[in-house]
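By convention in this document, chain letters (A, B, ...) are assigned in the order of the sequence lines, proteins followed by strands, and residues within each chain are numbered from 1.
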Amino acid sequence: MLHQTQVSRVAAAWPGFIARFPDPGVMAAAGPGAVIAAWGRLGYPRRARRLWEAAVVITARGWPDDLTDLPGVGRYTAGAVSAQADDADVVAVDVNIRRVVERIAGRRLTPREAEASALELGGPLGGRDRLLALMDLGSLVCRPRDPRCDECPLAPQCTAHGPVNGERRTRQARFEGSFRQRRGRVLAQLRAGPAAAGALDAD
DNA sequence: CTCCTGAAGG
DNA sequence: CCTTCAGGAG
C-alpha cells in the first residue's frame, strides 16, 4: 500500500483492510475481485491484484526465503521488511532517502551507490533505527522543495544543500478524458457491485 | 526507459 | 494550475 502512496492515506485504509484479510489464507480464498474491491481508492489497483497473487503463493508454498520472489515485492519492500521486522542491518532506499544521499553527494546515484551511501551516513544507528531516521530526515528536513538545511545534522558533509541536477520531476498526465479516468469509473462500478457494462458508458 | 493510481497540499 | 507520495514490472 505504501508504494507511491502517502502514509496518511494508507494509515486510514489499513485497519479495515487488515480486518477483512487478517492472513494470507483468508485473502487467497477471497479471490482477486474481493481484494481489489477492498483496496478502495488507494490507487494503483494492480498492487491489490499482486497482493492477492502473493497470498496465493504463500498459502500454497509458505513464505519464501527471498521475499522478492513474491509478486509485487522488489528490493525495496524486502529490505524494509527485513530492517523493521527483523532489525536487519540493511537500508531500503525510498524516494526520501534517495534524495538525501544524492544531495549530499551532489549528483545522481545508482541504486547500489545510494544504498551504500545510506548505510554509511546512518552513522552509529543500525537496522530499524537507521532506516526510519533517514526516511524521516528526507521527509521532514531534506524536503523536495524548501529544504531545512539549517536543521540538518548532515549539512556539514552536504554538497548540494538543495536539489541536484536531474532530480526527480514527475509530471502527471492530464486526468480529464484519460484512460485512467475511465478505468477509475469502471473500478468504482465494480466496487459498488455487479453492473451491466453499458451502464459504464452512461457516465 | 515507460507505465501505472488517486488524493492532498502548495 | 502544479508537485508529491515508504515502488515494481515490462
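Between the CZ atom of R75(A) and the C1' atom of dA6(C) there is a distance of 16 Å, rounded to whole Å. In this structure, CG of L140(A) is placed 14 Å from C1' of dT4(C), rounded to the nearest angstrom. As a whole-Å value, the separation of D69(A) CG from dA9(C) P is 11 Å. Rounded to whole Å, atom C1' of dG7(C) lies 14 Å from atom CD of Q6(A). Rounding to whole angstrom units, CG of residue L42(A) and C1' of dA6(C) are separated by 14 Å. Computed from coordinates, the E115(A) CD to dG7(C) C1' distance equals 14 Å when rounded to whole Å. Across the protein-nucleic acid pair, R47(A) atom CZ and dG6(B) atom P stand 10 Å apart, rounded to whole Å. Summarising the geometry, the separation between CG on D146(A) and P on dT4(C) is reported as 12 Å, rounded to the nearest angstrom.
Side chains of P147(A) and R103(A) form a contact here, defined as non-hydrogen atoms less than 4.5 Å apart. Side-chain atoms of R49(A) and R46(A), non-hydrogen and from C-beta on, never get closer than 4.5 Å to each other. Residues R148(A) and R143(A) are in side-chain contact: their nearest non-hydrogen atoms beyond the backbone lie under 4.5 Å apart. R98(A) is not listed as a side-chain neighbour of E167(A), based on a closest heavy-atom distance of 4.5 Å or more. No side-chain heavy atom of R75(A) sits under 4.5 Å from any side-chain heavy atom of V93(A).
Within 4.0 Å (heavy atoms only), R50(A) reaches sugar-phosphate atoms of the nucleic acid but no base atom. Residue-level contact check: V95(A) touches the backbone only, with heavy atoms under 4.0 Å from sugar-phosphate atoms and none from bases. Residue contacts for R98(A): at a heavy-atom cut-off of 4.0 Å it reaches no nucleic acid atom on any strand shown.
Dashed line: the shortest gap from a side-chain N or O of Q4(A) to OP1 or OP2 of dG7(C) is under 4.0 Å. Between T77(A) and dG8(C) there is a side-chain polar atom (N or O) within less than 4.0 angstrom of OP1 or OP2.
Each of L70(A) and A80(A) lies near DNA chain C, and the nucleotide nearest A80(A) is the one positioned closer to the 5' end. Residue S8(A) is the one, among S8(A) and G72(A), whose nearest nucleotide of DNA chain C lies closer to the 5' end (criterion: closest heavy atom). The nearest heavy atom of DNA chain B to R145(A) and to P45(A) marks one nucleotide each, and the one closer to the 5' end goes with P45(A).
Using P as the reference atom, dC3(B) and dA6(C) are 23 Å apart when rounded to the nearest Å. One P atom belongs to dG8(C), the other to dA7(B), and the distance between them is 23 Å to the nearest Å.
Paired regions of DNA chain C, where each region holds three or more successive Watson-Crick or G-U pairs whose two hydrogen-bonding distances fall under 3.5 Å, are B:1-4 with C:7-10, B:6-10 with C:1-5.
Here the nucleotide nearest the side chain of H3(A), chosen from dG7(C), dA6(C), dA7(B), is dG7(C). The side chain of R46(A) sits closest to dC4(B) out of dC4(B), dG10(B), dC5(C). Candidate nucleotides dT4(C), dA7(B), dA6(C) were compared by shortest atom distance to the side chain of R41(A), and dA7(B) ranks first. Comparing dC4(B), dG10(B), dA6(C) by their closest approach to the side chain of Y44(A) singles out dC4(B). Side-chain atoms of P144(A) lie closest to dT4(C) of the nucleotides dA6(C), dT4(C), dG7(C).
Salt-bridge formation is detected for the pair D89(A)/R130(A): a Lys NZ or Arg NE/NH1/NH2 atom is positioned less than 4.0 Å from an Asp or Glu carboxylate oxygen.
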Let me have the donor-acceptor pairs involving side chains of residues 155-162 of chain A, under 3.5 Å, with sequence neighbours excluded, atom names and distances please.
residue : atom : partner : partner atom : Å
T159(A) : OG1  : I104(A) : O            : 2.6
H161(A) : NE2  : C158(A) : O            : 3.1

Distance-only donor-acceptor hits, side chain of residues 12-26 of chain A, under 3.5 Å, sequence neighbours excluded:
residue : atom : partner : partner atom : Å
D23(A)  : OD1  : G25(A)  : N            : 2.9
D23(A)  : OD1  : V26(A)  : N            : 3.0

